[in-house]
Amino acid sequence: MSNSMFCPNCGMLKSNCICKHKTSVENEGSTSLFSFSKPQTSSILDDEIQESYSIEDHKMQVNRFLELKDLYPNIDDEIIENFPFYEPRFGQLEIIQNIDDAIKQGYKYIILEAGTGTGKSAIATTLAKMYGSAYILTMTKQLQSQYSDEFEFPLVKGRSNFSCLHDGLDVTCDMGACKTSPTSSNFFCEFGVAKNPTLDAELAFEDSFGGAVFYQSPVHCHYWEQKTNSVNSPITLMNYDYAIAELNYVKHFGTRSLLILDEAHNIESKLMNTMEVNIYNHRLEKDISKVISKETLKDGELQDWLMEISAISESYEDIDIKDLSKNKADRIRSTISRLKTLKKNLESEPENWVIDSDENGVSFKPLRVHHYAKDSLLKYGDVVIFMSATILSSNLFSKWLGLSPDEVYHIKVDSPFTKEKRPIILNLAGKMSKNRIAKTAPKTIPILKEILEKHKDEKGLIHTNSYKCQHFINNNLINSRLISHNSENRERILDYFEKDENPLVLVSPSMSEGVDLPYDKCRFQVIYKIPFPYLGDKQINMRRKKDQKWYAYKTVMTLMQAYGRGMRAEDDYCYTYILDSDINMVLKSPIYRSLVPDFFKEAVVRVKK
């Protein structure tokens with residue numbers, strides 16, 4: 001961080017530094033032509049390998065089943081016997097019955113819009129067990145861990161999470177000999193898998209085409225063992241990025257009865273990010289000794305870009321990969337495939353693509369995914385269940401994913417939490433829009449001081465929506481309770497915040513969702529700025545021009561997600577303060593107000609000044 005009072009590594013005041021001012025040494029990994037994020041390393045090595053999930057071993061005990069059947073005579077037996085907990089929450093079994101009935105009526109797509117506290121993970125688990133073949137996809141590591149820890153589902157992890165047996169556990173599997181040896185070397189790893197079995201080979205799994213894959217010896221590579229258990233498990237837990245790559249390209253996993261998509265409000269954004277293609281000159285120069293012309297980068301038309309893509313693709317096809325490492329050869333093949341797909345998409349639907357270039361390279365970003373969602377993800381479940389607390393509009397949600405209304409069954413369940421336990425206090429400093437924030441921001445500091453004093457013995461969260469606002473608060477509000485993070489240490493700082501018993505206040509631009517902070521982990525939060533999507537992004541700007549409702553939807557969705565971070569159970573409570581006067585527009589403008597749920601509106605309290 002720029003302020004010298006804060007540690008540049010952990011983001012805390014130096015007096016409270018948790019990293020002893022040690023600087024971390026980052027390994028420089030190669031940047032892929034189609035890299036969506038910086039390379040990361042992991043310290044999670046050789047986790048205990050989870051066994052394939054057994055549905056029979058997780059049935060409800062007979063005595064408890066009979067007790068619940070007496071209490072819920074109208075609920076199907078199969079629902080009760082597969083429910084994972086001793087005591088269902090109010091309405092849980094009825095929601096499951098409703099979904100099951102909709103499936104039996106022939107609905108392929110089911111939207112469960114259920115507020116925090118309804119127990120969506122238990123609902124997903126029950127349905128997955130009932131149908132005996134399911135994927136559960138989540139966006140965040142925290143929710144993945146919750147499913148894995150509570151329900152014992154196997155979680156598929158990437159190679160970087162396991163040490164390589166062949167290399168003496170000195171490197172992770174993504175850098176092991178099987179990935180770094182030349183393609184032409186016919187490298188054989190005795191711990192790995194292959195489609196051509198040795199004499200005493202053990203069947204590992206069958207891929208999506210029915211082809212057999214065998215272990216090569218009784219001692220199994222940890223990565224392949226956990227993946228095998230996940231393929232063979234009737235219920236498998238994945239994150240969206242892994243699932244989209246695995247299902248579409250690797251194809252070890254096939255179609256299942258249920259595809260359960262948790263945190264479904266983000267599916268469109270996730271698919272858009274997956275389809276995005278970035279081409280950088282520094283990578284082209286290394287790979288094929290070519291760069292995109294300056295003229296094309298500056299003001300290239302569609303036809304110019306199509307010719308550039310064709311030329312780049314042909315150059316990659318000319319690369320002799322036999323002497324390249326397996327990692328690099330795989331990247332070259334992936335590059336060729338993605339370039340061909342991009343060219344096809346640009347030719348068939350040019351108006352759906354944003355071309356954003358600078359002197360370093362170019363990004364191709366889709367505006368909508370309605371033509372791609374089914375083939376990219378949704379087809380891998382006979383029935384698809386979307387779950388989220390913030391669908392907001394089932395019609396818009398379905399439209400943006402290319403779903404026909406007659407295919408979709410929508411269930412809406414409000415949060416059971418009373419408004420008195422989750423008040424939204426409008427203590428407004430002024431408008432925080434781009435042209436007003438410089439004038440308004442200084443007025444927020446005394447309000448923040450007042451809030452911190454009121455909650456002096458409690459932990460809290462300040463949602464800044466941008467690093468610029470985060471830095472302003474850190475530089476102008478001197479308080480030893482404040483901690484913050486950067487893009488590199490977010491998970492570590494969040495973990496520290498959750499575990500520390502002091503009344504810390506986390507100042508963050510990126511905790512609006514995927515974070516679970518119940519009870520004393522967060523008793524108050526501040527929404528410093530209304531989270532309008534950044535119009536400096538060419539993709540967002542063009543999408544807004546084509547569809548104002550989409551922009552309003554993204555704003556309200558992020559606002560609702562932020563509101564839900566600190567209130568997680570019926571006996572919990574959390575105060576939410578909003579400082580940005582643009583909340584008035586959100587609550588009054590027809591296009592925004594129609595998307596704001598009643599449970600939010602009813603909790604609003606205005607501070608009289």
Side-chain angles (χ1 to χ4, degrees), residues 30-37 241 244-245 247-250 268-321 324 328-379 400-402 534-547 550:
S30 62
T31 303
S32 165
L33 176 65
F34 300 116
S35 173
F36 302 121
S37 61
D241 290 324
I244 290 169
L247 293 169
N248 286 288
Y249 303 108
V250 184
E268 188 196 31
S269 294
K270 179 58 68 177
L271 290 172
M272 288 170 75
N273 289 341
T274 301
M275 293 178 64
E276 180 180 327
V277 174
N278 300 304
I279 305 176
Y280 301 110
N281 269 341
H282 69 85
R283 170 51 61 193
L284 295 178
E285 203 162 15
K286 287 182 179 179
D287 286 346
I288 58 176
S289 301
K290 293 183 179 180
V291 296
I292 303 170
S293 69
K294 292 181 179 179
E295 293 75 21
T296 303
L297 287 173
K298 185 178 180 181
D299 50 18
E301 299 292 334
L302 176 63
Q303 289 305 316
D304 299 320
W305 283 113
L306 289 173
M307 286 190 289
E308 286 280 3
I309 293 168
S310 294
I312 293 168
S313 182
E314 290 171 5
S315 294
Y316 271 95
E317 289 177 12
D318 289 340
I319 296 175
D320 186 357
I321 64 173
L324 300 180
K328 188 168 184 179
D330 287 345
R331 180 174 65 78
I332 298 301
R333 283 190 284 262
S334 174
T335 296
I336 295 168
S337 174
R338 288 177 64 82
L339 286 170
K340 288 181 176 179
T341 300
L342 173 64
K343 185 172 182 290
K344 179 182 175 182
N345 289 336
L346 287 172
E347 289 173 333
S348 63
E349 203 176 17
E351 70 282 356
N352 189 50
W353 288 82
V354 174
I355 303 174
D356 191 5
S357 61
D358 59 24
E359 67 275 11
N360 299 312
V362 60
S363 295
F364 298 89
K365 302 177 182 180
L367 288 175
R368 295 185 61 190
V369 296
H370 59 301
H371 289 165
Y372 311 106
K374 289 183 180 179
D375 276 345
S376 297
L377 180 61
L378 306 185
K379 71 179 183 181
W400 292 331
L401 290 179
Y534 176 53
L535 288 174
D537 184 300
K538 192 174 180 180
Q539 180 187 35
I540 291 172
N541 205 329
M542 288 188 66
R543 180 71 183 268
R544 177 176 178 261
K545 290 176 181 178
K546 288 177 175 288
D547 191 350
W550 175 85

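We're numbering straight along the sequence, starting at 1. Just so we're clear, the structure is a prediction, and the values are computed from it rather than from any experiment.
- Between the side chain of Asp356 and the backbone N or O of Lys538 there is no donor-acceptor pair closer than 3.5 Å.
- Remark: the backbone N or O of Pro366 is not paired with any side-chain donor or acceptor of Asn352 at under 3.5 angstrom.
- Looking only at side-chain heavy atoms (C-beta outward), Trp400 and Arg368 come within less than 4.5 Å of each other.
- Interatomic distance, Ser357 OG to Asp299 CG, rounded to the nearest 0.5 Å: 8.5 Å.
- The distance from the CZ atom of Arg283 to the CG atom of Asn360 is 14.0 Å, given to the nearest 0.5 Å.
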For Glu317 and Lys340, what are the C-alpha separation, side-chain angles and deciding distance, and is it a salt bridge (charged side-chain N to carboxylate O under 4.0 Å, His left out)? CA-CA 11 Å; Glu317 289 177 12; Lys340 288 181 176 179; 3.2 Å; yes
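- One finds the CD atom of Glu314 at 10.5 Å from the CD1 atom of Ile312 (value rounded to the nearest 0.5 Å).
- Side-chain contact check for Asn273 versus Glu276: some heavy-atom pair is nearer than 4.5 Å.
- Ser315 and Lys290 get closest at one heavy-atom pair: OG-NZ, 2.8 Å.
- Under the salt bridge (charged side-chain N to carboxylate O under 4.0 Å, His left out) criterion, Lys374 pairs with Glu407, not counting sequence neighbours.
- Among all heavy-atom pairs drawn from Phe364 and Trp305, the shortest one is CZ-CE3, 3.8 Å.
- No donor-acceptor contact under 3.5 angstrom links the side chains of Glu285 and Tyr280, judged on distance only.
- What you find for Ile292 and Asn281 is that their closest heavy atoms are N-OD1, 2.7 Å.
- Residues His371 and Ser348 have side chains not in contact (no heavy-atom distance under 4.5 Å, counting atoms from C-beta outward).
- Checked by atom type, the side-chain pair Asp287/Tyr316 shows a donor-acceptor distance below 3.5 Å.
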If you apply the rule side-chain hydrogen bond (donor to acceptor under 3.5 Å, both in side chains), what do you find for Ser363 with Asn278, and how did you get there? CA-CA 4 Å; Ser363 295; Asn278 300 304; 2.6 Å; yes
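- Listed for the Thr274 side chain is a donor-acceptor partner under 3.5 Å among the backbone atoms of Lys270.
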Applying side-chain contact (heavy atoms from CB on, under 4.5 Å), run through Leu535 and Arg544 and close with a yes or a no. CA-CA 8 Å; Leu535 288 174; Arg544 177 176 178 261; 3.4 Å; yes
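- Between the side chains of Thr296 and Asp304, no donor-acceptor pair of N or O atoms lies under 3.5 Å.
- With hydrogens and angles ignored, the 3.5 Å screen pairs no side-chain donor or acceptor of Asn541 with any backbone N or O of Asp537.
- When all heavy atoms are compared, the tightest approach of Leu297 to Glu359 is CD1-O, 3.7 Å.
- From Asp318, atom CG reaches atom OG of Ser313 across 9.5 Å, with rounding to the nearest 0.5 Å.
- Expressed to the nearest 0.5 Å, how far CG of Asp375 lies from CG of Leu271 amounts to 11.5 Å.
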Take Tyr372 and Met275, measure what side-chain contact (heavy atoms from CB on, under 4.5 Å) needs, and give me the verdict at the end. CA-CA 9 Å; Tyr372 311 106; Met275 293 178 64; 3.2 Å; yes
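- In this structure, CZ on Arg333 lies 15.0 Å from OH on Tyr249, to the nearest 0.5 angstrom.
- Few gaps surround NZ on Lys379; more than 12 heavy atoms of other groups in view lie less than 6.0 Å from it.
- Annotation: Glu351, atom CD; neighbour count of heavy atoms from other residues, nucleotides and ligands within 6.0 Å is above 12.
- Put simply, the side chain of Thr335 reaches to within 4.5 Å of the side chain of Arg331, judged on heavy atoms.
- For Glu268, the salt bridge (charged side-chain N to carboxylate O under 4.0 Å, His left out) criterion is met by Arg543, not counting sequence neighbours.
- Taking both residues in full, the closest heavy atoms of Lys343 and Ser310 are given as CE-OG, 2.7 Å, listed atom of the first, atom of the second, then distance.
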